[in-house]
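Worksheet for the structure shown next.
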Amino acid sequence: MPRLPQSFFARPTLTVARELLGQRLVKIEGSKRLGGIITEVEAYIGEKDLACHARAGRTARTDVMYWSAGHLYVYFTYGMHWMICFVTERDGFPAAVLLRAIEAEDGITVMRTRRKKHDHLTDGPAKISQALAIDKRWNGVDVCAADSKLFIESTHNVAASRVIRSPRIGLGSTPEPWLSKRWNFKMNNDE
DNA sequence: GGCCCGATACTCT
DNA sequence: GAGTATCGGGCCC
């Protein structure tokens, strides 16, 4: 299966988010392969988007968001959780797609161990990073590099009828119009 | 399934 | 010092 190239990520963030649905996230750990199908993502677009971390401009934390498309932006939140994003658009413009859920397929035994006794392996952004053992060491990694141990495999396109768009999750007191923008993309399971 | 709440440490004000 | 792109446990049905 071909890996998604940088040209995939270097497009409008909403397009990248929509088209990431259904593709397969893969992490290589020695001879093992972990990951699954991407089922939910969210777009964060530019300094004007007041829900986007880049609203505060280019800082030590947000620097990677300004890098060229296809880099990982991995950040820490709530005192204990790591979140995984893919940088999008052109070099110098801060935007990214947050991974919110995948359907676990490969390496389930390893992921189950890392997720303790919990049945929900990868149905939340911080659960994915726990299951895949992703932390700050992965910040700034280029997922389009030929030797990258984390990448996305191109699979099939998801039918438009299966895509659900909603407001983004967990934005709290983010002002309008950003709070209501339907920049969360999710796959409908039925059908 | 749902709601409430505490954990916990980093970032920017 | 306040706020945070969350999770899991306890509880209630």
Side-chain angles (χ1 to χ4, degrees), chain A residues 9 12-21 25 36 38-67 69-89 93-104 108 110-141 143 150 152 163-190:
Chain A
F9 298 96
T13 308
L14 295 178
T15 304
V16 177
R18 158 69 181 84
E19 295 189 12
L20 274 173
L21 292 179
L25 177 73
I38 296 172
T39 56
E40 186 182 356
V41 296
E42 237 162 49
Y44 290 86
I45 312 174
E47 296 176 351
K48 290 178 186 164
D49 173 8
L50 295 182
C52 179
H53 288 166
R55 64 183 177 274
R58 192 165 186 161
T59 65
R61 178 174 65 155
T62 62
D63 195 55
V64 177
M65 294 193 82
Y66 292 77
W67 292 13
H71 285 95
L72 285 181
Y73 169 44
V74 179
Y75 71 91
F76 187 70
T77 193
Y78 289 110
M80 62 191 87
H81 298 305
W82 295 98
M83 311 284 257
I84 305 167
C85 311
F86 299 96
V87 173
T88 57
E89 312 224 13
F93 183 84
V97 173
L98 168 70
L99 260 185
R100 287 201 63 91
I102 71 174
E103 188 182 317
I108 287 180
V110 175
M111 295 197 286
R112 211 188 293 282
T113 303
R114 291 183 181 151
R115 292 281 303 125
K116 315 281 189 204
K117 59 190 182 224
H118 307 294
D119 288 333
H120 298 273
L121 258 35
T122 53
D123 61 350
K127 299 180 194 178
I128 299 174
S129 56
Q130 282 174 24
L132 296 180
I134 299 293
D135 60 21
K136 64 182 171 197
R137 298 188 307 256
W138 291 81
N139 191 40
V141 164
V143 300
L150 184 77
I152 297 174
V163 177
I164 304 171
R165 290 186 58 166
S166 319
R168 293 170 291 182
I169 310 297
L171 265 40
S173 57
T174 299
E176 298 291 2
W178 313 105
L179 184 62
S180 298
K181 293 221 177 271
R182 294 167 59 190
W183 288 357
N184 173 293
F185 296 77
K186 192 166 24 187
M187 275 170 64
N188 187 352
N189 279 330
D190 334 316

Considering only NZ, NE, NH1 and NH2 on the basic side and carboxylate oxygens on the acidic side, decide whether D49(A) and R55(A) come within less than 4.0 Å. no

Cationic N near anionic O, under 4.0 Å, D123(A) to R115(A): no

Under 4.0 Å: is that the gap between some side-chain N or O of [X] and OP1 or OP2 of [N]?
| X | N | value |
| --- | --- | --- |
| T59(A) | dC12(B) | yes |
| H53(A) | dA5(C) | yes |
| R100(A) | dT6(C) | yes |
| K127(A) | dG8(C) | yes |
| T62(A) | dT11(B) | no |

Would you say the side-chain atoms of T13(A) and E89(A) include a donor-acceptor pair closer than 3.5 Å? yes

Consider the side chain of [X], meaning its heavy atoms from C-beta on, and name the nucleotide among [options] that approaches it most closely.
| X | options | answer |
| --- | --- | --- |
| H118(A) | dG8(C), dA9(B), dT6(C) | dG8(C) |
| F76(A) | dC12(B), dA9(B), dA5(C) | dA9(B) |
| M65(A) | dC10(B), dA5(C), dG8(C) | dA5(C) |

Take the protein atom [atom1] of [X] and the nucleotide atom [atom2] of [N], then report the distance between them rounded to whole Å.
| X | N | atom1 | atom2 | result |
| --- | --- | --- | --- | --- |
| I169(A) | dT4(C) | CD1 | P | 15 Å |
| N139(A) | dT11(B) | CG | P | 11 Å |
| W82(A) | dT4(C) | CH2 | C1' | 14 Å |
| Q130(A) | dT8(B) | CD | C1' | 14 Å |
| M83(A) | dG3(C) | CE | P | 19 Å |
| D63(A) | dC12(B) | CG | C1' | 16 Å |
| K136(A) | dC10(B) | NZ | P | 7 Å |
| L121(A) | dG8(C) | CG | C1' | 15 Å |

Please work out if [X] contacts a base, only the sugar-phosphate, or nothing of the nucleic acid, heavy-atom cut-off 4.0 Å.
| X | answer |
| --- | --- |
| A51(A) | base |
| R115(A) | sugar-phosphate |
| M80(A) | base |
| Y78(A) | base |
| T174(A) | nothing |
| R168(A) | nothing |

Value for NE2 (H81(A)) from OG1 (T77(A)), rounded to nearest 0.5 Å, stands at 8.5 Å

If pairing means Watson-Crick or G-U wobble with both distances under 3.5 Å, then the partner of dA5(C) is none

Nearest-nucleotide comparison on DNA chain C, the residue closer to the 5′ end among C85(A) and H120(A): C85(A)

Centroid-centroid distance, H53(A) to Y75(A), less than 6.0 Å: yes

R165(A) (side chain) donor-acceptor with F185(A) (main chain) under 3.5 angstrom: no

